[in-house]
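Labels below follow one simple rule: chain letters A, B, ... track the order of the sequence lines, proteins then strands, and each chain is numbered from 1.
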Amino acid sequence: MYQKPKGTRDLLGRELQRLEALNAAARAFFGQNGYEEIRTPTFEFAALFDRSIGETTDIVEHEIYKFEVNKKLYALRPEGTASVLRAFIENKLRLPVRFLYLWSMYRRERPQKGRYREFLQIGIELLGESKPFYDADIIERGKQYLQSVGARDFTIELNSIGCPECREAYRRTLEDYLQPNLSRLCDDCRRRFERNFLRIFDCKKESCQRLYDDAPKITDKLCGECAQHYVDVKKYLRYFGVDYVENKKMVRGLDYYTRTVFEFKHGELGAQDTIIAGGRYDLLMRELGGPDTPCIGWALGPERLLLTMPEELPSVKARRAFFLIGVGERYLPTMISLRTQIHNNGHRCFLGDPGEPIKHQMKKADRFKADHVVICGEDEEKEGIYTVKEMSTGRQSKIPVAEFESFLIHA
RNA sequence: GUGGGUAUAGCUCAACCGGCAGAGCAUUGGACUGUGGCUCCAAAUGUUGCGGGUUCAAGUCCCGUUACCCACCCCA
């Protein structure tokens, strides 16, 4: 027997419906807000991701699916931002522009709750806007989107990680603070400090965290411009009515972020509690060979979001379902035209096999979760009616053929 | 990549110290030949994840392996 690769899933039934409901809501909502949907190739030249995500990140080092064909090294995309910027540059588009993407991403991680090797991201990117107003704007739009699909109980965490100059100054300050305590850090943190020093704050060990609680924070060491930017972002968030908590220890896993970073978290999700994560990346476009262009964006994990939501999404509307029963094959033409009429009114409709006993067809109707059964037989033909049975109550009524259309409209 | 847990009928799970492979739900048929669900009666269902080992005897013990779950790492 064949099995799917580890960390992948077959999407069908309820689960697929739920995901598609989030996609449909995102297309509608962000479309209204001027975000244009974009699709790029699922694979790119591997160098694109090395350059953008950061060569010392774990993603690039051992989580990317890479393959070589004809001496060219390709990679399945592990995230969306790099591809969007590459497409922007390559297609010589004009600024400013807003993009929406709904893509599968690929990372060779060990799967666990809310984490897969092929997973979805709904992301937005706003290219060409540098002002703090826009940082607040896309955070607020994220909040509004979550609320529109019925998500509750998430908190927004905010931080600024400054520009490379701020970070270099801060690194020295932090080093001075940690130097005397180096022996109390865990092995992971010592390694992190060498490779990507901000990431020490992600450590889950309490002994390390106690040390970091009293450590100087990057927000205290921002340069003048970055500090002002951060102050203004918070000002606009208040104008927008967005509640947030400052998390001075929040940093990002990707190297390209500058200044504003944020996460939307949900408390009851276990270790993978981040539903939306994003931030500003003002230097990446230039890094990838494009024009100097400030950008900001975020990505949402639909699988994780769904873990926080009820089985029946409020946004999934159940359409009426009809099942047609024929008593004898000679009623098939009637049934077929009836089906067209029902479909034209926007309802679902299935045909029973009119050669089968009524009992069998009735049972099928139940299986299909039909709301209404319409019976076409000798009695109906004589009286010029259809017998309509409402399945939830068992009540039956005779509806004259001429009045059936208006019945459908009100069903 | 590291650690812990799990794997038995379509599904959820039992099976004592190693001793005939079980139940509920679902399925199928009947009670009910123009009416589903509800009720009652009956039937069918297994490579105990896979491969090896120990034993008179393995679902049970041992080794390996695969998948899933949870956590670390990392991240949406």
Side-chain angles (χ1 to χ4, degrees), chain A residues 1-9 22 53-54 56-64 77-81 101-123 142 186-189 191-192 195-196 199 202-205 250-254 262-266 269-279 297-308 323 325-328 331 352 354 356-381 387-396:
Chain A
M1 197 165 77
Y2 294 106
Q3 293 178 313
K4 60 191 174 310
K6 184 199 284 272
T8 64
R9 296 170 307 154
L22 293 185
I53 294 168
T56 60
T57 58
D58 264 55
I59 294 183
V60 163
E61 277 188 6
H62 40 257
E63 291 178 3
I64 293 188
R77 62 177 169 228
E79 60 109 38
T81 302
Y101 60 83
L102 314 104
W103 298 342
S104 294
M105 308 296 177
Y106 305 85
R107 291 183 200 170
R108 221 183 133 277
E109 298 178 285
R110 189 86 162 254
Q112 68 192 70
K113 184 172 188 168
R115 189 167 84 184
Y116 305 94
R117 288 184 167 185
E118 179 181 45
F119 62 100
L120 294 161
Q121 282 191 351
I122 296 174
C186 68
D187 292 347
D188 282 333
C189 279
R191 188 175 54 89
R192 287 189 187 105
R195 288 158 46 108
N196 191 341
R199 307 237 59 185
D202 284 335
C203 187
K204 287 181 185 168
K205 293 193 182 64
M250 182 183 65
V251 297
R252 308 270 49 231
L254 308 174
F262 52 89
E263 294 186 357
F264 290 48
K265 289 187 175 175
H266 192 279
L269 223 48
Q272 268 64 43
D273 59 354
T274 303
I275 298 172
I276 289 183
W298 53 247
L300 176 155
E303 292 97 342
R304 287 184 187 178
L305 174 56
L306 286 177
L307 288 175
T308 73
F323 192 94
I325 289 180
V327 192
Y331 297 103
E356 294 259 291
I358 244 189
K359 191 187 192 57
H360 288 199
Q361 295 185 62
M362 206 66 185
K363 209 166 228 176
K364 284 254 171 62
D366 197 50
R367 288 287 157 75
F368 281 124
K369 297 188 172 61
D371 303 291
H372 298 280
V373 162
V374 182
I375 301 174
C376 311
E378 204 180 335
D379 300 350
E380 286 75 13
E381 191 180 24
T387 299
V388 177
K389 179 166 185 169
E390 193 182 7
M391 294 299 271
S392 59
T393 62
R395 217 171 314 160
Q396 269 181 206

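In this structure, A/Lys205 places its NZ atom 11 Å from C1' of B/U2, rounding to the nearest Å. Atom pair A/Arg108:CZ and B/C73:P shows a separation of 19 Å (rounding to whole Å applied). One interatomic measurement links the two molecules: NZ of A/Lys359 to P of B/U28, which rounds to 13 Å at whole-angstrom precision.
The partner of B/U8, taking Watson-Crick or G-U wobble pairs whose two distances both stay under 3.5 Å, does not exist in any strand shown. The partner of B/U65 is B/G49, by the rule that a Watson-Crick or G-U pair needs both atom distances under 3.5 Å.
Taking the C1' atom of each, B/U48 and B/A43 are spaced 24 Å apart, rounded to whole Å. Taking the C1' atoms as reference points, B/A67 lies 22 Å from B/C74, given to the whole Å. Taking atom C1' on both nucleotides, B/A14 is separated from B/G24 by 10 Å, rounded to a whole Å.
Residue A/Ile358 has its side chain nearest to B/G34 when only B/G34, B/A76, B/C73 are considered. In this structure, the nucleotide among B/U27, B/A76, B/C73 sitting nearest to the side chain of A/Arg367 is B/U27. Taking the side chain of A/Lys363 as heavy atoms from C-beta on, and the options B/G37, B/A76, B/A71, the nearest nucleotide is B/G37. Looking at the side chain of A/Lys389, the nearest of the listed nucleotides B/A76, B/U35, B/U28 is B/U35. For A/Asp379, whose side chain is taken as the heavy atoms from C-beta onward, the closest listed nucleotide among B/G37, B/G34, B/C70 is B/G34.
Annotation: side chain of A/Val251 is in contact with side chain of A/Asp202 (closest heavy-atom distance under 4.5 Å).
Taking side-chain N and O atoms only, A/Arg192 has a distance below 4.0 Å to OP1 or OP2 of B/C73. The phosphate of B/C70 (OP1 or OP2) has no side-chain N or O of A/Arg110 nearer than 4.0 angstrom. Neither OP1 nor OP2 of B/A67 sits under 4.0 Å from any side-chain N or O of A/Gln3. OP1 or OP2 of B/A76 has not a single side-chain nitrogen or oxygen of A/Lys265 nearer than 4.0 Å.
At the heavy-atom level, A/Glu378 lies under 4.0 Å from base atoms of the strands shown.
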